[in-house]
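Worksheet: the structure to be examined is printed underneath.
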4 protein chains.
Amino acid sequence: MSRAEWPYGTPGIPDHLFKRVSGIPMTKQEIRAVVISKLRLFPTAVVYDVGAGTGSVTVECALQARGGTVYALEKDGQADELVEANARRFGLTNVKLVPGEAPATMEKLPPADRIFIGGSAGALAEILQMAHRKLKSGGWLVATAVTLETGPAILDFLTRQGYDQVEAVAVNVAKIKQVGSAHLWQAENPVQIIAGQKPR
Amino acid sequence: MSRAEWPYGTPGIPDHLFKRVSGIPMTKQEIRAVVISKLRLFPTAVVYDVGAGTGSVTVECALQARGGTVYALEKDGQADELVEANARRFGLTNVKLVPGEAPATMEKLPPADRIFIGGSAGALAEILQMAHRKLKSGGWLVATAVTLETGPAILDFLTRQGYDQVEAVAVNVAKIKQVGSAHLWQAENPVQIIAGQKPR
Amino acid sequence: MSRAEWPYGTPGIPDHLFKRVSGIPMTKQEIRAVVISKLRLFPTAVVYDVGAGTGSVTVECALQARGGTVYALEKDGQADELVEANARRFGLTNVKLVPGEAPATMEKLPPADRIFIGGSAGALAEILQMAHRKLKSGGWLVATAVTLETGPAILDFLTRQGYDQVEAVAVNVAKIKQVGSAHLWQAENPVQIIAGQKPR
Amino acid sequence: MSRAEWPYGTPGIPDHLFKRVSGIPMTKQEIRAVVISKLRLFPTAVVYDVGAGTGSVTVECALQARGGTVYALEKDGQADELVEANARRFGLTNVKLVPGEAPATMEKLPPADRIFIGGSAGALAEILQMAHRKLKSGGWLVATAVTLETGPAILDFLTRQGYDQVEAVAVNVAKIKQVGSAHLWQAENPVQIIAGQKPR
């Protein structure tokens, strides 16, 4: 039952509410809030979360698209279990786990209204190509980049494919940690968020 | 009718969709997405937006709390008109404009589930005191700080009042601007977001 | 005489001490301090400042390499005058202005101990190639990148040429501006600094 | 002999050249480069490094003020040894270690041309007071702040004491780390640098 974990309507669920497994990445809550905003979700949306990792973006999407379906694509078997555990934890029945390696696993899925690429495991170019094929006209593709190389590559792809409203946003987040009576600023790694709308 | 301007369920409305007036501040879209996430809105919430400015946070809150009421407190008459214009633009009927100077204008409002302080015009201490009085137990107070002084003052207030889950997040955003075939990074001013839950 | 303007031995000269002309770019003081640190200057160094702009990096290098020579390469005639004005302002006699378009203008210069690329005006690939040719073995190449595209391109070039100790650093700077009794944080645009040492 | 470790004239020594001990803090190289620039050092300067930690700022100051003296104030005995080891490593003979707790240990030192406060161990107010007393007219006081609280406190102190050219700069640094063929951005914690000149 999701009420217990997140009884609110707005995205940006605190990180500690998710089940975590060491070594499996998670899009942090503030970045996730921005990612969800770029995805422009609606209740019946069909969404792919490519490289789902912990499943935090999957969960947020599924909460916003309760009448739709979120396909969580994740090749790591341990992460697959984690995604399912988190979907259960938030009471979600509209999450479909898609194990195996993207982009091959995308092939048979129904066309997507929204695609989020949070990880590409070295197959970025192929995943972008397939995502572009599967995305409906007018749909939005959003990706996060945490390396020097991926941000420009994604932007270049969207631009060359003629996407509309293409944007890239770099977000640096720091949070306080109490140390005695003072509050130390602690940085999170910078993330670039790239988004664009497939031409109609 | 809000459909035309923002037919989606998720917050983080692009800045250019709001009517703007030179000199009236606006919480930018990525910061707004994070602010809304910290506010943990729900459909019937009673929300104050203190120092509403352009009304962008008011609009986002009102879209998320369609069965509730958002009180937009703003002392600048020109901004008041702007808030109303933006509420109309997004088809909202649950926004109540509260002209005049906070904290006095808060006094007669019904108790709040959520209070956002986006501007305090030199009366931060008094506004925090009144906000604390008007906020229901278990409600959330969220504020943005854009000066060196305000972040620590807000955090200190929440801590001393015994708020739960108090946090401060510093967010630096940069966006690309196309210049020829290249994309220049342009920074937005850093914002601190401070949040906490009034003890039950 | 440089004493009047900057009677100190350390780099990072305040921006307001330079003569400025609207539209001519300048590497800001904190970024300049980091750039100079990556250049690892010494008293007799031969330095190129490619895309000198205002000449702020030229001036800092010339102050650190008083027994060497700093070649300021700049194609914009108005910027050329500005570089010379700033060199005079700081009492420098070891600055040589090189008007015209890089990389062609680099061809006849003596080999460099250090090369800084602060601007490339669309000819980055050619400038990097020539810079690599002119740089002495063991010399350092440092560049700043302000667009999404340039940072990765420079890093890739240095890596493929087998440079040692290659690094990229992203620096976000914000400064306070007094507004009434408060101090507003104002962001400067993010800059990436890429550096590496030519193999011996 | 310092040649071996850092044969250059410019500050911003790479972090890995310093001897490190786990748990003893160090001002990182890019922040250090900016700090040194704000200190406006000169060859015969008398400098205090309060809360010297690893001694990295002490070393940089001593390299820039070879005809002066750098007093490294540090209460932690293990850090004291580390400061001395690093001073030796860089061949410095103008570093004087001052063990014990500041501000008491400042009392008997000769007046300072420059004071850097890198750590205050809970005695910030007292250290600022004493630093102000010991600093010569026209001298510069520079401090780093890594908590939410310290930056505003230092700025407020300098402002109330009538310091000139008071400034605060927030610096966020991220660096790449090679992971396979990609380069992951890794953030360092944000640091505020506050500086001002004691009135003449």
Side-chain angles (χ1 to χ4, degrees), chain A residues 3 6-14 16 28-45 60-61 63-68 114 140 151-152 155-156 159 165-178 181-183 185-188 190 192-195, chain B residues 3 6-14 16 28-45 60-61 63-68 114 140 151-152 155-156 159 165-178 181-183 185-188 190 192-195:
Chain A
R3 290 271 116 184
W6 191 245
Y8 310 116
T10 43
I13 299 170
H16 72 269
K28 298 297 194 309
Q29 68 185 98
E30 287 81 13
I31 300 297
R32 219 185 311 120
V34 177
V35 162
I36 297 296
S37 80
K38 302 300 179 192
L39 279 170
R40 295 155 165 86
L41 297 173
F42 56 94
T44 60
E60 300 261 22
C61 288
L63 287 168
Q64 298 292 325
R66 288 206 169 262
R114 303 290 186 261
W140 284 83
L155 186 78
D156 185 56
T159 303
Q165 302 185 58
V166 173
E167 66 171 341
V169 181
V171 184
N172 282 269
V173 171
K175 299 188 160 194
I176 53 166
K177 181 192 174 184
Q178 191 157 357
S181 64
H183 297 86
W185 283 114
Q186 295 194 301
E188 298 184 356
Q192 293 176 12
I193 301 163
I194 299 98
Chain B
R3 292 270 114 186
W6 192 245
Y8 310 116
T10 42
I13 299 171
H16 72 270
K28 299 296 194 310
Q29 69 185 95
E30 287 81 12
I31 301 297
R32 219 185 313 122
V34 177
V35 161
I36 297 296
S37 80
K38 301 301 178 192
L39 279 170
R40 296 157 164 84
L41 297 172
F42 56 93
T44 60
E60 299 263 21
C61 289
L63 286 169
Q64 298 293 325
R66 287 201 172 265
R114 303 290 187 260
W140 283 83
L155 186 78
D156 185 55
T159 304
Q165 302 185 60
V166 174
E167 66 171 342
V169 181
V171 183
N172 282 269
V173 170
K175 297 188 160 194
I176 53 166
K177 180 192 173 185
Q178 191 156 357
S181 63
H183 296 85
W185 284 113
Q186 295 194 301
E188 297 184 357
Q192 292 176 12
I193 300 162
I194 300 97

With respect to chain B, which residue among A/Gln178, A/Arg40, A/Lys175 yields the maximal number of heavy-atom pairs within a distance under 4.5 Å? A/Arg40
Distance-minimising heavy-atom pair for B/Ser37 and A/Pro11: CB-O, 2.9 Å
Which of the residues B/Ala174, B/Ala187, B/Gly12 is involved in the greatest number of heavy-atom pairs with chain A at under 4.5 angstrom? B/Ala174
Verdict with reasoning, A/Gln29 to B/Lys38, per side-chain contact (heavy atoms from CB on, under 4.5 Å): CA-CA 10 Å; A/Gln29 68 185 98; B/Lys38 301 301 178 192; 3.0 Å; yes
Toward chain B, the part of A/Pro14 with a non-hydrogen atom under 4.5 Å: side chain
Heaviest contributor of heavy-atom pairs below 4.5 Å to chain B, chosen from A/Leu155, A/Val166, A/Ile13, A/Val169, is A/Val169
Minimal non-hydrogen separation, A/Thr10 against B/Ile36, with atom names: CG2-CG2, 3.4 Å
Of the listed B/Gly9, B/Ala168, B/Ala45, B/Pro152, the one with the largest count of heavy-atom pairs under 4.5 Å with chain A is B/Ala168
Does any backbone or side-chain atom of B/Glu30 lie under 4.5 Å from a heavy atom of chain A? Answer side chain, backbone, both or neither. both
When heavy-atom pairs shorter than 4.5 Å are enumerated against chain A, which of B/Val171, B/Leu39, B/Ile31, B/Thr159 gives the highest number? B/Val171
Which portion of A/Gln192 sits near chain B, non-hydrogen atoms under 4.5 angstrom: side chain
